[in-house]
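Below is one structure; the comments refer to it alone.
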Amino acid sequence: MGAAFATFCIWILMTVFWALIGVAVPLIIPEKIENRRLIQTMLLLTSVSCYTFWLCIFLMQLNPLIGPELEIRTAQAIVEEWQS
Amino acid sequence: MALFRCEEMALYQLFLQSEAAYNCVGEMGEIGLVQFRDMNPDVNAFQRKFVNEVRRCEEMERKLRFIEKEVKKEAHINIPNNVPDLKQVPAAREMNELDNQLEKLENELRELLSNQEQLQKNFLELTELKQVLLRTSIFFQEGGGHFGAPGGTDPEYQIAPSEDPGASKLGVVAGVIKRELLGAFERVLWRVCRGNVFLKHADIEEPLTDPTTGDSLLKCVFIVFFQGEQLGNRVKKICEGFRATLYPCPEQTAERREMLKGVEARIADLQVVLDQTLSHRTRVLESAAANLPLWFVKVRKIKSIYHTLNLFQVSQKYLQVQCWIPITDIPKIQAALDKGTSDAGSSVPSVLSQVPTKEQPPTFNRTNKFTEGFQTIIDAYGVSSYREMNPMPFTVITFPFLFAVMFGDCGHGLIMALFAGLLIWKEKDIIAAKSKNEIFMMFFGGRYLIFLMGVFSIYTGILYNDLFSKSMNIFGSQWAIPQDVAKTLAGYSDNTDTVELDPKDSFKDKAPYPFGLDPIWQVADNKLDFLNSFKMKLSVILGVMHMLFGVVLSLLNHTYFRKPLNVIAEFIPQVLFLGGLFGYLVFMIIYKWFAFDYTNSASAPQLLITFTDMFMLSAPDDELYSGQYTVQVIILLVGVACVPWMLFVKPTVLYMRHRNPAAVKGQRSNLPHQCLAVEMGQLMDNSLPLLTLAVFLKLRNNRVNRFCCFTAIRPAGG
């Protein structure tokens with residue numbers, strides 16, 4: 001189904017991106033850089049926290065249980081602007 | 001690895017030859033890697049060996065401050081601000097040279113100051129005299145008709161020879177008084193002399209400068225005519241009381257003119273001398289101002305070297321001290337000692353030898369300009385013990401990230417990042433400017449922190465879809481208004497009603513908004529319903545992750561210090577409790593996101609209710625998954641069992657260990673306060689183990705060794 005495939009694509013894209021930043025880049029930092037350990041820690045922590053944050057927002061919107069309540073005027077505007 | 005734990009330190013003993021001591025301590029001060037211990041703790045500060053040198057340095061500082069004050073009085077002289085630190089130890093003989101130089105400078109300035117004051121006083125007197133001479137001529141002329149020779153319209157005043165030999169001559173007193181005192185002066189004169197004196201006054205237009213204070217004063221000239229000697233004395237006393245300066249004023253016009261000419265000539269001369277004195281003073285101050293920062297630094301260095309030397313144990317040929325040194329820096333320190341010894345021209349090398357000790361070394365975290373800000377924040381919560389895990393490398397990211405989760409606006413985040421970026425870009429200039437503004441320096445010290453907070457805020461702001469409180473629609477909203485609803489919408493003209501989109505119709509077969517919050521929520525009335533639930537869940541997830549991370553760090557501490565008891569008695573129950581209860585909550589959150597959608601939303605349980613029901617052991621109305629009740633009961637029981645496990649296992653084991661020290665094999669009891677428990681156990685009734693252990697636990701957490709305080713309380717029986 002189109003939606004499931006799109007969802008999966010988006011998810012794999014983001015996961016690979018943050019995995020690169022968090023795992024791949026720290027491994028290729030040359031040995032002789034002075035604060036190597038610190039930079040590795042920073043990259044790993046950044047990628048973990050940013051990925052978690054994105055994932056939570058993504059998963060929450062996966063299967064919404066309630067929908068937005070729009071004012072009539074706003075709904076009319078949406079139909080005009082976003083859907084034609 | 002000195003990033004995650006503090007540096008390894010060792011206690012060293014340093015023997016310095018007396019001649020080389022000054023230079024060696026100076027070199028070690030320049031590299032700043034040694035912590036000296038006070039070898040004479042009970043010696044009074046005034047009985048130490050180098051107290052005279054410290055006193056001399058303080059005298060020099062006082063002189064420098066005096067010179068600085070004089071320089072600052074002349075506003076146009078600039079004290080150079082950014083003097084680069086040459087990292088050179090000032091030679092010992094420089095102290096004498098500098099002392100003499102400063103003394104000469106100070107004396108010269110004081111002399112100049114007093115001369116200048118004297119000259120200005122003379123100048124003031126002469127100016128006032130000139131004014132008196134100028135104005136009083138008017139008075140005498142006005143009164144000329146009264147006192148002139150009978151029958152003559154002689155404009156020149158002459159004291160008429162008295163026709164009545166009994167009448168006394170008219171006396172004159174002329175002087176200068178402050179304008180504000182004039183009214184009172186007049187009244188007092190009138191009252192005291194019963195109206196028998198005649199006062200005339202005239203203002204001096206230009207303000208005069210007071211020589212001592214430098215204020216400008218408005219004064220006026222007055223002249224008092226009186227008859228009789230007694231009255232004259234009274235008038236003079238009153239003038240004294242009002243601090244009016246009296247000047248001899250000749251009555252003859254010709255005399256006055258002569259005097260005026262003389263006074264004017266003297267004023268001109270005095271002005272020249274005054275100008276030359278001022279320019280000489282300015283030259284002296286200018287030459288001093290150029291060297292002032294350098295002198296301050298030198299005197300400071302010399303004073304701190306002697307202050308450090310006071311910590312040493314002094315004997316005839318050498319000085320000795322104990323110091324804490326990071327092990328990796330020993331070559332550097334040895335090199336500094338060698339340099340110091342050779343600079344002093346001494347042939348005997350200084351000796352650095354390790355002292356084996358069981359004391360806990362001080363915690364030294366090496367920082368650079370980036371990590372310094374974060375380490376300061378961590379130290380504010382409490383300095384870590386020696387070789388404990390240092391939270392700083394993790395705080396570099398988690399602190400700004402958690403701030404950004406709370407802040408979450410990419411527009412304001414951008415502004416924050418730009419502001420901090422500016423501070424970082426200009427950091428060299430700002431450091432050199434040495435601003436004293438505390439609040440600005442606080443922001444400047446945290447510039448890297450603020451920069452990271454801003455950058456993360458941009459990221460979380462984009463995810464929250466919040467740009468200055470407005471949302472962006474980049475990928476197109478995934479919520480669509482279905483056709484039939486749209487048709488009915490056209491008929492409405494009343495725009496206060498709302499239409500609620502059902503995910504069944506509006507979100508069917510859609511992927512979620514790829515990056516962040518869907519923009520439709522910005523314009524929805526029930527935005528907060530959706531957002532609040534999400535933010536609470538996000539907080540729980542991030543919080544539990546963070547706490548779990550902390551507990552894992554404690555595991556690293558336990559394995560490093562080789563304490564399996566801590567792993568079994570502390571780490572495992574903590575993980576079971578945290579993971580079991582709150583980890584289960586996180587699991588439920590994520591499970592609910594996957595398992596429920598619009599098809600079964602009616603039966604979706606509220607997690608808050610579910611969680612509280614779990615503690616109350618009541619069966620859930622709607623189940624998340626089958627078998628939920630059983631699982632929850634098991635988890636709750638495990639969690640409750642962990643509480644006594646965490647609190648009582650470790651103290652009991654330690655207590656039993658110290659009751660039978662012979663039975664303990666291969667235990668590292670290198671902490672003196674473990675012996676304390678034995679002492680306490682002997683002191684107290686054995687039926688109070690818990691109290692003992694509570695005290696024991698509290699003292700274990702202290703970093704100060706309290707052993708010495710308690711040995712004195714041995715019971716008499718032993």
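All chains are named by letter (A, B, ...) in the order of the sequence lines, taking the proteins before the strands, and each is independently numbered beginning at 1. Here the structure is a predicted model, which is why all the values come from computation and not from measurement.
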Review point. Which heavy atom of B:P503 sits nearest a heavy atom of A:G67, and at what distance?
Key: CD-N, 3.8 Å
Check your understanding: With side chains defined as the heavy atoms from C-beta onward, is the minimum distance between B:D525 and A:L70 less than 4.5 Å?
Key -> no
Review point. Above 12 or not: heavy atoms from other molecules or residues under 6.0 Å from CG of B:L608?
Key: no
Review point. Between A:T52 and chain B, which part of the residue has a heavy atom less than 4.5 Å away: side chain, backbone, both or neither?
Key: side chain
Exercise for review: Below 4.5 Å from any heavy atom of chain A, which atoms of B:F456 appear? Answer side chain, backbone, both or neither.
Suggested key: side chain
**Study point:** Members of residues 53-62 of chain A whose heavy atoms come closer than 4.5 Å to chain B
**Key:** A:F53, A:W54, A:C56, A:I57, A:F58, A:L59, A:M60, A:Q61, A:L62
Revision key, fill the gap. The interface call for B:L538 against chain A, heavy-atom contacts under 4.5 Å, is side chain
**Study point:** Proximal component of B:A480, with respect to chain A [non-hydrogen, under 4.5 Å]
**Key:** both
Check your understanding: Taking the six-membered ring for Trp, is the centroid-to-centroid distance between B:Y459 and A:W18 below 6.0 Å?
Key -> yes
Check your understanding: To the nearest 0.5 Å, how far apart are CG in B:L501 and CD in A:E69?
Key -> 9.5 Å
Exercise for review: State, to 0.1 Å, how close B:P393 and A:T41 come at their nearest heavy-atom pair, and which atoms those are.
Suggested key: O-CG2, 4.2 Å
Practice item. Please indicate whether B:E623 has more than 12 foreign heavy atoms, meaning atoms of other residues, nucleotides or ligands, lying under 6.0 Å from its CD. Key: yes
Exercise for review: Check each atom of B:F596 against the heavy atoms of chain A and say whether the ones under 4.5 Å are side chain, backbone, both or neither.
Suggested key: both
Check your understanding: Given that the side chain runs from C-beta out, which part of B:V396 has a heavy atom under 4.5 Å from chain A: side chain, backbone, both or neither?
Key -> side chain
Practice item. Select, from B:A604, B:S506, B:S601, the one with the greatest count of heavy-atom pairs under 4.5 Å involving chain A. Key: B:S601
Check your understanding: Which answer fits A:C9, side chain, backbone, both or neither, if we ask what part of it has an atom under 4.5 Å from a heavy atom of chain B?
Key -> neither
**Study point:** Exceeds 12 heavy-atom contacts within 6.0 angstrom, atom CZ of B:F594
**Key:** no
Study note, to complete from the structure: Per-residue tally against chain A (heavy atom, under 4.5 Å) across B:Y513, B:F515, B:Y598 peaks at B:F515
Practice item. Please determine, among A:L44, A:T74, A:T46, A:N35, the option with the most heavy-atom pairs under 4.5 Å with chain B. Key: A:T46
Point to revise | Separation of A:L65 CG from B:S533 OG (nearest 0.5 Å) | key: 8.5 Å
Exercise for review: Go through the atoms of B:M392 and report whether side chain, backbone, both or neither lie under 4.5 Å from a heavy atom of chain A.
Suggested key: neither
**Study point:** Nearest heavy-atom neighbours spanning A:N63 and B:D597
**Key:** CB-CB, 3.3 Å
**Study point:** Residue pair B:M545, A:V48: steps toward the side-chain contact (heavy atoms from CB on, under 4.5 Å) verdict
**Key:** CA-CA 11 Å; B:M545 277 174 68; A:V48 165; 4.2 Å; yes
Point to revise | Which portion of B:F370 sits near chain A, non-hydrogen atoms under 4.5 angstrom | key: side chain
Check your understanding: Taking only heavy atoms into account, what residues of residues 397-407 of chain B are found under 4.5 Å from chain A?
Key -> B:I397, B:T398, B:F401, B:V405
Review point. Is it the backbone or the side chain of B:N526 that comes under 4.5 Å from a heavy atom of chain A, or both, or neither?
Key: both
Review point. Tell me, side chain or backbone of B:D518 under 4.5 Å from chain A's heavy atoms, or both, or neither?
Key: both
Practice item. Using non-hydrogen atoms and a 4.5 Å limit, figure out which bit of B:T599 sits close to chain A: side chain, backbone, both or neither. Key: neither
**Study point:** Distance-minimising heavy-atom pair for A:A75 and B:I481
**Key:** O-CD1, 3.5 Å
Practice item. Using non-hydrogen atoms and a 4.5 Å limit, figure out which bit of B:K537 sits close to chain A: side chain, backbone, both or neither. Key: neither
Review point. Side chain, backbone, both or neither: which part of B:I541 has a heavy atom under 4.5 Å from chain A?
Key: side chain
